[in-house]
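Input: a single structure, listed below in structure tokens.
Sequential numbering from 1 along the given sequence is applied to the chain's residues. This one's a predicted model, so the numbers in the text were calculated from it and none came from an experiment.
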Amino acid sequence: GTSARASLSCRSSLPLAAVSSPPRAHRAVARSFTSTRPPGSIPAGVLASRRGPRTVLVVGALVTALTCLLFATAESASALVGFRFVQGVGGALSWTAALVWIASVAPPDRRGEVIGRLLALSVVGGMLGPAVGALATVLGTVPVFAGIAAICVALAVVAARRPRPV
């Protein structure tokens, strides 16, 4: 079932010190992200409306980058759960702000198309998760998660340099 897949995909990308943890710890790591992102999206939307989507997206991307590095070097299952939980907050901030941003700048006649493309990217990211985990078992968690962190920082820089959406 779903929890078995989550356990397997998490196990392949867990830092070496935590791989010996029982499968329930791996499921807790997977659930800590998914239990944060949906409810975190509501306050993220409020923040994006009040502070602007660019600011919220930049903060979310930087939170995600930092937690990727912390996750890669974690030495216990409880640290993994905590870092993944905060990573869910970063994801909620980033994705919600991106949707708010798109809704504010896309022409009304193309808004649905553009939002659909962004949501498709989210699904592709979820599909690539197990492959990234497998890559982490080959190359090591630190280089792979550092690469993901670098992508998040690059996204934050690009977003910060974009004009403020109206």
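Between atom OG1 of residue T64 and atom CZ of residue F71 there is a gap of 13.0 Å, rounded to the nearest 0.5 Å.
For R110, the side-chain hydrogen bond (donor to acceptor under 3.5 Å, both in side chains) partners at least two apart in sequence or on another chain are E113. The side-chain hydrogen bond (donor to acceptor under 3.5 Å, both in side chains) test applied to S78 returns S76, not counting sequence neighbours. Shown here are the side-chain contact (heavy atoms from CB on, under 4.5 Å) partners of L119, two or more places apart in sequence or in another chain: L99, I115. By the side-chain contact (heavy atoms from CB on, under 4.5 Å) test, A106 is found to be paired with I102, R111, V114, residues two or more places apart in sequence or in another chain being considered. For L135, the side-chain contact (heavy atoms from CB on, under 4.5 Å) test picks out L139, V144, with sequence neighbours left out. S122 meets the side-chain contact (heavy atoms from CB on, under 4.5 Å) test with R37, W95; sequence neighbours excluded.
No side-chain donor-acceptor contact under 3.5 Å links T36 to the backbone of V89.
Using a 4.5 Å cut-off between side-chain heavy atoms of Ile, Leu, Val, Met, Phe, Trp and Tyr, V100 forms no hydrophobic cluster with any other residue. Grouped by direct or indirect side-chain proximity (heavy atoms under 4.5 Å, Ile/Leu/Val/Met/Phe/Trp/Tyr only), L69 sits alone. Under a 4.5 Å side-chain heavy-atom cut-off, the cluster of Ile, Leu, Val, Met, Phe, Trp and Tyr residues that includes L62 is completed by V58, V153, V157.
Side-chain rings of F33 and F85 stay apart, their centers remaining 6.0 Å or farther from each other.
The list of side chain to side chain donor-acceptor pair (under 3.5 Å) pairs with a residue in residues 143-154, not counting sequence neighbours, is empty.
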